[in-house]
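Below is one structure; the comments refer to it alone.
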Amino acid sequence: MQTAEKVSITMTPEMLRVIRETVDAGEYASTSEVIRDAMRVWQRDRQEHAERLNAIRSRIRHSFEDPRPDLNEDEANAALEAILAKVDEDFDRAAF
């Protein structure tokens with residue numbers, strides 16, 4: 001097991017009440033365990049956030065590197081209108 005370092009934190013009475021109730025209910029063995037679990041969740045959330053940002057950056061980079069020609073506003077609108085018309089047509093043909 002890794003060595004542990006004792007730290008002091010300040011939290012609202014409501015936060016501390018929830019932690020103590022959780023420990024008293026037997027969900028955790030101690031307040032330290034609650035805080036360690038919260039840190040693991042926070043670390044996982046940060047990692048997932050970083051992965052989402054990397055995926056977005058990758059998609060942006062891929063978009064900039066796309067060799068297809070850019071569309072002007074009129075061309076983009078026409079392409080979107082064609083897609084929407086197809087969706088409407090498919091919807092009208094669907095049997096409900």
Side-chain angles (χ1 to χ4, degrees):
M1 182 175 179
Q2 295 177 337
T3 60
E5 184 177 339
K6 189 174 183 175
V7 296
S8 174
I9 61 170
T10 303
M11 61 180 53
T12 66
E14 175 64 18
M15 289 175 160
L16 188 55
R17 181 188 63 73
V18 170
I19 290 172
R20 286 183 174 148
E21 286 176 357
T22 303
V23 172
D24 290 344
E27 295 178 51
Y28 291 90
S30 67
T31 56
S32 292
E33 295 229 351
V34 175
I35 300 303
R36 283 192 293 271
D37 190 42
M39 285 297 302
R40 285 188 290 272
V41 170
W42 178 71
Q43 288 173 317
R44 185 183 66 233
D45 286 350
R46 286 182 51 140
Q47 179 64 36
E48 289 172 357
H49 179 72
E51 289 169 2
R52 284 190 300 272
L53 282 178
N54 285 336
I56 291 168
R57 288 182 179 119
S58 176
R59 290 178 75 178
I60 290 171
R61 194 170 32 260
H62 182 269
S63 177
F64 282 133
E65 295 168 355
D66 190 339
R68 293 176 294 185
D70 294 338
L71 300 177
N72 65 35
E73 183 179 354
D74 291 335
E75 293 168 330
N77 284 335
L80 288 173
E81 289 296 327
I83 291 169
L84 292 174
K86 175 77 170 116
V87 168
D88 285 343
E89 180 182 307
D90 291 346
F91 184 78
D92 288 340
R93 281 190 282 170
F96 290 99

Output for pair (Leu53 CG, Ser58 OG), nearest 0.5 Å, gives 12.5 Å
### Query
Can you find a side-chain donor-acceptor pair between Gln43 and Gln47 that sits under 3.5 Å?
no
Any side-chain to backbone donor/acceptor pair from Thr22 onto Val18? Under 3.5 Å, distance only.
yes
message: Quick test of your reading of the model: are Asp24 and Arg20 salt-bridged, counting only N-O distances below 4.0 Å?
response: no
Practice prompt. Kindly say whether His62 contributes a backbone atom to a donor-acceptor pair with the side chain of Glu65 at under 3.5 angstrom?
Written response: no
- Message: For the CE atom on Met11, are there more than 12 heavy atoms of other groups (residues, nucleotides or ligands in this structure) within a distance under 6.0 Å?
- Response: yes
CD1 (Ile56) and CD (Glu51) are apart, to the nearest 0.5 Å, by 12.0 Å
inquiry  = Would you say that Arg40 contacts Arg44 through its side chain, given a criterion of any heavy-atom pair below 4.5 Å between the two side chains?
reply    = no
### Message
Counting only heavy atoms from other residues, nucleotides and ligands, does the tally under 6.0 Å from CG of Asn54 exceed 12?
### Response
yes
Whether over 12 other heavy atoms sit under 6.0 Å from Glu89 CD: yes
When rounded to the nearest 0.5 Å, the distance separating CD1 of Ile35 from CE of Met15 is 9.0 Å
Exactly one of Ile83, Asp88, Asp90 clears side-chain contact (heavy atoms from CB on, under 4.5 Å) with Lys86, and that residue is Asp90
